[in-house]
Amino acid sequence: MRMEKLPPSRRATAERRRLADIRGWPGLRAIAARDAGDAKERGDAHPDGSEAKAARRDLMAQIGDFLLDHDLEITPANLATAHAGLSGSNPHVAERLARRQFSGEQIDQQWLDGLSRTDGDTQELKRDIEALMDRLECSVSDFSRVTHSARAATGEYRSEFGRHMAEVERVDTGASGQLLLQLSRAMLQSMHKIEDAMTRSHDETAALRDKLAEARREAESDYLTGLPNRRAFERRLDQAFAAATQRGTPLCVAFCDVDHFKQINDNFGHDTGDRVLQAIARLLKEGVCRDCFVARHGGEEFALIFAGLEDVQALAKLDRARGDLAARKFIARREEKPIGRVTFSAGLANVMAAADPRAALAAADAALYRAKREGRNRVILA
């Protein structure tokens, strides 16, 4: 029976019981224990570490049971989220998981991905890393410019100094003049060494700048599809939001998730699944719109940024791509058997109508989840 249909007294009792269950979630118990300074709950009461080992075993068992009970893949991302929620290391994740668990709502991969997307601590950490990388690149560029200017100035001084020395050498200035020439030659040699050192420094700085750019490209590219990855998507979204805010132009985001993708992998193998993902990546990149930013967000999920398009315009373009995909016929190369119809579900949100980009992402994710519930192979506007 739904809680709103219960009498007030029973509804209050049920709510108290539900809150007690939530507080009993392992991660929230761990947070409470740390706050209370409970050494025994932390597992460090004995110097031999026996309770600490037992606590770690319990945590490993809880993480394994959580993933298996909810039929979740054992991936690094899922393990990290489960650990954050069950250990209590991330209170936001622990509370969200506890409330979801005890509300009876489904915890599936789609919802878990949405949780990690909107985790404030994770987003803040990523922004800090991005800021550090930006500052490093700026520092390298500034150093390169200063070195280039100093090398050019030193070259001019050396040339001018050399001309004056040549004039002095043509004049017989006696012993004092010869001493001056010796000192000048030593100074000129030192200037040569400084200039050579600055040339090497400039070349090394240029090489470092190239390596940083290459590392950023590699870090922001998906190896399978060649699309930008989740990190690049979040970076571009921040840039697009700043530009749209300044110019007063529309901005939308969308998430697309391949329907029943696990069945493709299970029935035809991961190689076939990879080729399907590559085909969908090409379709989205070439078939949605020229100015649309498409990224592989992880697994079988893609993320899109529509800059300069109103939500109804973006929805129409994305829905057209959905129809094109559904009309295609995929064949498994190894078996030469038809895979069947491949489709995706999508959720789209207007960023400028949300409180901030993170809220827009959560809205698009909720719309995607709704598209899945309502039968898949559809695009829903948040």
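Values below: every heavy atom of this structure, side chains too, minus hydrogens, waters and symmetry copies. On a predicted model such as this, the values are computed, not experimentally measured, just so you know.
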From K372, R376, H297, residue fulfilling side-chain hydrogen bond (donor to acceptor under 3.5 Å, both in side chains) relative to D257: K372
Before you tell me yes or no, could you show the steps for M352 and F241 under side chain to side chain contact (heavy atoms under 4.5 Å, CB included), namely the whole-Å CA-CA distance, both residues' side-chain angles and the distance that decides it to 0.1 Å? CA-CA 8 Å; M352 308 313 289; F241 179 69; 4.0 Å; yes
Counting only heavy atoms from other residues, nucleotides and ligands, does the tally under 6.0 Å from CZ of R236 exceed 12? no
Would you sort out whether N78 and Q109 count as a side-chain hydrogen bond (donor to acceptor under 3.5 Å, both in side chains), showing the intermediate values? CA-CA 9 Å; N78 286 350; Q109 191 62 58; 2.8 Å; yes
Residues two or more places apart in sequence or in another chain: which of them pass ring-ring contact (aromatic ring centres under 6.0 Å, His included) with H83? none
Decide whether D259 and T343 meet the rule of one side-chain donor and one side-chain acceptor closer than 3.5 Å. yes
Over 60° means perpendicular and under 30° means parallel, so classify the ring planes of F233 and F255, tilted if in between. tilted
Are a donor atom and an acceptor atom from the side chains of T225 and D222 found within less than 3.5 Å of each other? yes
Any donor-acceptor N or O pair under 3.5 Å, side chains E310, N350: no
side-chain contact (heavy atoms from CB on, under 4.5 Å) with D356: which residues, sequence neighbours excluded? R358, A359
Side chain to side chain contact (heavy atoms under 4.5 Å, CB included), that's the test. Do F344 and L325 meet it? Break it down for me. CA-CA 8 Å; F344 67 70; L325 176 65; 3.4 Å; yes
Quick check against the 3.5 Å criterion: does Q278 have a side-chain atom that pairs as donor or acceptor with the backbone of L224? yes
